[in-house]
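A short write-up of the structure that comes next.
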Amino acid sequence: MDTSSILSPPGEREREREREFSNGDFYSGEVKGLLPHGKGKYSWSDGTVYEGDWDQGKISGKGKLTWSSGAKYQGDFSGGYLHGIGTMTSPDESVYSGAWRMNVRHGLGRKEYCNSDLYDGSWKEGSQEGRGSYSWTNGNRYIGSWKKGKMCGRGVMRWGDGDLFDGFWLNGSRHGSGVYKFADGSLYFGTWSRGVKDGKGIFYPAGSKHPSLKKWCRSLEYDDTGKFVLSRSNSSMGVDEIRSLSNVSRSLSMNTLASDHPRDLTSKSARTFGSARQSEGGQDKNRIAYEREYMQGVLIRESVITSSVDRSLKIRPPSSTALSKQVSARTFMTFLTGEHNYHLMLNLQLGIRYTVGKITPVPRREVRGSDFGKKARTVMFFPRDGSNLTPPHKSIDFSWKDYCPMVFRNLREMFKLDAAEYMMSICGDDGLTEICSPGKSGSIFYLSHDDRFVIKTLKQSELKVLLKMLPRYYKHVGDHENTLITKFFGVHRITLKWGKKVRFVVMGNMFCTELKIHRRYDLKGSSQGRFTEKIKIQEKTTLKDLDLAYEFHMDKLLREALFKQIYLDCAFLESLQIIDYSLLLGLHFRAPGQLNDILEPPNAISDQESVSSVDVGVTQELSIPPKGLLLVTHEPNSVSTAPGPHIRGSTLRAFSVGEQEVDLILPGTARLRVQLGVNMPAQAHHKLDEDKEESATIELFEVYDVVVYMGIIDILQEYNTKKKVEHKCKSLQYDPLTISVTEPTIYSKRFVNFLHKVFPEGM
């Protein structure tokens, strides 16, 4: 609100004066020279009035501003902006009192909406962000974290009827680990996705013994992998756009939890499910609990358990201390814990920022033989206090080595990765997250904050194999854009000040998707020892060959494209004498379509006379689960065509859509581009075990729609002398065809034959 253009003419030097301008504006008050300065009142021709302090022609200090619309602000100003502490009364009589920054709410503040809803907490750039409490007029209240006006992060929601949810939220919906406590005292510990129960959990009826809620809530900073729960979701309900809803409802699956199993199911497994529930009466009620598994809010599996308190430990997120011990126990670099681990991650970020910043400005050229040689290295020392070439930092002194920088720069461009995005993903302020290793290698894994990249520590022998195969790897991925083989984006080494050398490779995350991955499998095609002990299985455990209880039926052309590339990739690995690789398979299950006609109808939304300012987003749960999957003709403008960290290939064609390029529609969720190993639709046929009819675990369905993600990993093990000796020794104990380590030709053939059984012909 700069009035310098409407000031008094030169030569007028009154300390106090009044003046009416030709445009109808009017000023009365103190001036300094030609500018309003001190106390004064300015009235605009449209009816807006300011009365208060001025500084050199600008509104600054304390004052009161009244707009012609009826809105009022009283408080601090600076440089013509609402800036500082003040109170704004809107035309609809809503009132905000708190901090402002350059005309927007920013800092701590309290807002009472026109319908008497109340928010008290932190704001950022005009939206609720940080810690805050929101109270609805109907008695509901949320206390927890916010982001961009939506409930996001850890928070507690208490409904007016006494129900309570304590856990994680994303974009206004329950998303991640949490506990739901019903007014009658019953509890459900589990995970949610997009506002509905999705995954495994345990239900404790009212009156039964259950774990300590305080311990559970303290452990909720982590999910069952030890990673902070940061899953993405496109399902969101903003603050302003859903103000018309006056009630906050729980999900359909929550409202019917007392009888969560579907009614009138006629399958064999469903009848067994009913008999299991009928047998509960003879057991001690205080020790009864139910382990359940959901898909998009639909119960698909349940087992009755009696040692409820002990069993709950299976799904409880581990504390950070327990996680550190678990990682430390199985890594070959036990020193990488605590402070050392923090320094290592910081060093890694500093080094990658230096590498990308140094190589990106260099004009692009084709790689030469020397770019793969032993001299193709960049070495830099990073002292804590900085140098002429490196910035000061808060870590310890370290040396950085970057291998084959021009090769990996070209690979990143070949994989269509933007250098700035790559650097920000790994080196941004959000940092890296350490995740548990699913294998026996003892490697440490880090995940970028946006889930796009995985960074893995390498043994020296693995580094040698990678550098040795790099020229042929470069040619293979250049010739075959649909390759399923792991994408490598950089190889680096950090030497710490006491001489310890740690080697890293940056790879694409094959499970970087907005969809929840319900099952993970590491498939080699061997059988000896290829199973996971049931006691060790958690929701995100990576399972093995013998644990796979499904076969997957695909569209004819999708399957042909898949095996064409598998043959090419296996031939490439066989030519390099590589073994021990595996297919990493991720499955996103869709809620069974046959449940739609037996789900209860959505609760009617109450009248909307009272306009609610914020809704928790869970009203989306009332919609009936989507019906399966749908392939449609590809439309580039309707889907994201941006290359991902694991993909860069062409859109696949489907026989069922006239051999056209296709997109995958998940009703009510998303439209996705179908590429090899990414967003591939299939039907998972469960291999029924006749003995399971007598089991306490009930499998409700036999066929599921799934979205498949896959890639070939662990390609850095040569069939060397050590492995040949291992093969000889194990062959004396077991059938040579069942053990993992074997001659590369046999390994490749067995691997492909096994995948033919996993993805059989005919759909």
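Just so it is clear, the model here is predicted, and its values are computed rather than measured. As a basis for the values below, the full set of heavy atoms in this structure was taken, side chains included, without hydrogen atoms, waters or symmetry mates.
Ser740 and Asp580 are linked by a side-chain donor-acceptor pair at a separation below 3.5 angstrom, with hydrogens and angles left out of the test. In the model, Ser526 has no side-chain atom that pairs as donor or acceptor with a side-chain atom of Gln528 under 3.5 Å. The closest side-chain donor-acceptor pair between Asn171 and Ser173, if any, does not fall under 3.5 angstrom. Using modelled atom types, one finds a donor on one side chain and an acceptor on the other under 3.5 Å when comparing His756 with Arg559.
With contacts defined as side-chain heavy-atom distances shorter than 4.5 Å, the pair Asp663/Ile665 does not qualify. Taking the side chain as every heavy atom from C-beta outward, Phe165 and Trp192 approach each other to under 4.5 Å.
Checked by atom type and distance alone, the side chain of Asp569 pairs as donor or acceptor with a backbone atom of Leu484 at under 3.5 Å. Remark: the backbone N or O of Phe655 is paired with a side-chain donor or acceptor of Asp555 at under 3.5 angstrom.
The one candidate from Leu543, Leu583, Asp714, Asp547 that meets the side chain to side chain contact (heavy atoms under 4.5 Å, CB included) condition with Asp522 is Asp714. Between Phe189 and the options Tyr180, Tyr204, Phe203, a ring pair (Phe, Tyr, Trp, His ring centres under 6.0 Å) holds for only Tyr204. Considering Lys197, Lys516, His175 in turn, Lys516 is the only one that fulfils the side chain to side chain donor-acceptor pair (under 3.5 Å) rule with Thr191.
Between Tyr521 and Tyr550, the gap from one ring centroid to the other reaches at least 6.0 Å. Ring-centre distance between Tyr581 and Phe751: below the 6.0 Å cut-off.
Taking Phe552 as the reference, Phe759 meet the ring pair (Phe, Tyr, Trp, His ring centres under 6.0 Å) condition, with sequence neighbours excluded. Evaluation of the side chain to side chain donor-acceptor pair (under 3.5 Å) rule for Tyr709 yields Thr513, Asn679 as partners, not counting sequence neighbours.
Pairs passing the salt bridge (Lys or Arg N to Asp or Glu O under 4.0 Å) check and including a residue from residues 728-740, sequence neighbours excluded, read Glu726-Lys730.
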